[in-house]
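Note: hydrogens, waters and symmetry copies are ignored here, and every other heavy atom, side chains too, is used.
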Amino acid sequence: MMERKRTDCPALPPGWKKEEVIRKSGLSAGKSDVYYYSPSGKKFRSKPQLSRYLGNTVDLACFDFRTGKMMPGKLQKNKQRFRHDPLSMAKGGKPDLNTALPIRQTASIFKQPVTKVTSHPGNKVKTDLQRAIEQPKQLFWEKRLKGLRSSDVTEQVLRTMDLPKGLQSVGPDASDDTLLSAIASALHMSSAPITGQTSVAAEKNPAIWLNTSQPLCKAFTVTDEHIRVPLFTSLRVITIFILIQTKNQKPDLPQPKHHPF
DNA sequence: GCCACCGGTGGC
DNA sequence: GCCACCGGTGGC
């Protein structure tokens with residue numbers, strides 16, 4: 001039997017292999033089928049099947065099953081509709097109770113769900129539709145960014161950016177270090193305006209009042225003075241403020257595809 | 001019973 | 001018309 005090669009597939013986690021098999025006979029002779037093999041050897045013959053298996057751990061939205069590559073930009077046609085969207089509901093779907101685990105916010109390019117810890121496995125979860133629709137979020141996830149440093153090609157650690165005047169962080173164990181990362185992340189991950197935490201109560205009891213769609217940063221206003229800051233202090237500080245301003249004016253700016261860290 | 005392989009078809 | 005997806009089955 002001819003040896004068919006299973007090749008590594010860099011778009012998938014380590015250990016996954018891709019195989020292409022040419023049809024030898026029949027009406028479809030000459031066409032090919034693409035299969036994937038998990039590290040444990042399980043065979044997959046379609047994207048939906050792969051998607052069901054990988055769940056939240058890998059985002060296959062841009063994954064092209066035939067070529068095995070991520071195709072950024074044009075999101076691959078996504079027949080997988082969410083069960084709470086209007087189109088699916090019209091077709092008689094049931095609301096999604098959304099028990100899927102949220103994605104861990106890390107610097108890794110692989111998306112990992114948070115770890116579920118169940119102290120009483122026998123307990124039934126009460127359904128609360130209102131709550132079930134919104135995706136749970138990790139509070140204070142920016143703390144993970146602490147201590148991350150960027151370096152140049154020679155692995156020389158780059159000097160950290162100076163913080164713009166007037167920025168203050170919010171929450172336990174907050175530092176300038178994480179504040180900068182938090183703002184940079186917010187700029188990259190959301191197309192909404194970045195305002196910081198506008199609720200005063202967030203400072204007293206962040207666990208309850210924190211706005212999870214905003215970085216752990218006290219509310220701030222960008223002034224002309226910020227932008228007129230002398231050039232030598234830091235070009236990048238100016239860049240960050242211009243980014244904030246631009247974004248607040250035009251929420252539709254195209255966003256970078258990659259996390260900054 | 002398993003699975004490699006090709007057919008059939010729904011959705012575009 | 002094409003093709004992604006998956007059903008069905010022949011050969012083991």
Side-chain angles (χ1 to χ4, degrees), chain A residues 1-106 108-116 121 125 127 129 132-137 188-192 250-259:
Chain A
M1 173 161 181
M2 195 182 75
E3 195 63 32
R4 284 192 311 245
K5 58 180 174 209
R6 295 182 186 181
T7 60
D8 285 321
C9 183
L12 295 177
W16 283 80
K17 305 276 183 184
K18 172 175 180 282
E19 178 189 53
E20 181 161 6
V21 181
I22 313 288
R23 296 190 174 192
K24 295 181 289 294
S25 61
L27 295 171
S28 51
K31 306 245 175 204
S32 68
D33 295 294
V34 174
Y35 304 111
Y36 290 85
Y37 294 88
S38 71
S40 66
K42 182 172 164 58
K43 184 178 186 177
F44 293 83
R45 33 186 225 143
S46 74
K47 187 169 168 179
Q49 190 190 6
L50 198 58
S51 200
R52 282 193 298 275
Y53 184 81
L54 290 169
N56 273 339
T57 60
V58 178
D59 182 8
L60 294 180
C62 301
F63 183 73
D64 182 75
F65 191 85
R66 179 148 283 275
T67 63
K69 290 172 184 165
M70 288 296 180
M71 306 257 114
K74 49 178 179 187
L75 281 173
Q76 295 296 111
K77 54 183 168 182
N78 212 356
K79 283 193 294 179
Q80 300 268 56
R81 307 225 120 253
F82 289 101
R83 285 203 263 174
H84 59 260
D85 83 3
L87 206 133
S88 305
M89 291 304 285
K91 294 189 173 179
K94 294 200 168 60
D96 188 354
L97 291 180
N98 195 5
T99 53
L101 296 173
I103 301 296
R104 200 184 289 280
Q105 303 277 1
T106 68
S108 166
I109 60 165
F110 293 118
K111 299 191 174 180
Q112 311 274 2
V114 299
T115 310
K116 181 182 178 184
V125 177
T127 53
L129 271 181
I133 287 169
E134 55 185 80
Q135 182 83 349
K137 290 180 179 163
H188 277 79
M189 297 196 300
S190 157
S191 59
K250 301 183 189 172
D252 291 325
L253 278 187
Q255 294 305 304
K257 287 286 178 281
H258 301 290
H259 194 277

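Within the cation-pi definition used here (under 6.0 Å to the ring centroid, within 45° of the axis), A:K43 qualifies as a partner of A:Y35.
In this structure, OG in A:S38 is found 5.0 Å from CZ in A:F44, a value given to the nearest 0.5 Å.
Following rounding to the nearest Å, A:R23 (CZ) and C:dC3 (C1') show an atom-to-atom distance of 10 Å. As a whole-Å value, the separation of A:K43 NZ from B:dC2 P is 15 Å. Between the P atom of C:dC6 and the CZ atom of A:R66 lies a distance of 14 Å, rounded to the nearest Å. Per the geometry, CD belonging to A:E20 stands 13 Å off P belonging to C:dC3, to the nearest Å. With rounding to whole Å, A:R52 atom CZ is found 10 Å from C:dC6 atom C1'. Distance A:Y35 OH to C:dA4 P: 13 Å, rounded to the nearest Å. Taking atom CG of A:L27 as the reference point, atom P of C:dC2 lies 14 Å away to the nearest angstrom. The separation between A:K24 atom NZ and B:dA4 atom C1' is 8 Å, rounded to whole Å.
For A:R45, there are no side-chain hydrogen bond (donor to acceptor under 3.5 Å, both in side chains) partners at least two apart in sequence or on another chain. Not a single side-chain hydrogen bond (donor to acceptor under 3.5 Å, both in side chains) links A:Q49 to another residue, sequence neighbours left out.
Across all non-hydrogen atoms, the minimal contact from A:L54 to A:W16 is CD2-CZ2, 3.6 Å.
Remark: aromatic rings of A:F63 and A:Y36 are close, center separation under 6.0 Å.
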Could you run down nucleotides 7-12 of chain C 5' to 3' and tag each one B, S or - for protein heavy-atom contact under 4.0 Å? BB----
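Across the interface with DNA chain C, nearest-nucleotide mapping of A:S46 and A:K31 shows A:K31 to be the residue nearer the 5′ end.
Note on A:S25: a side-chain N or O is less than 4.0 Å away from OP1 or OP2 of B:dC6.
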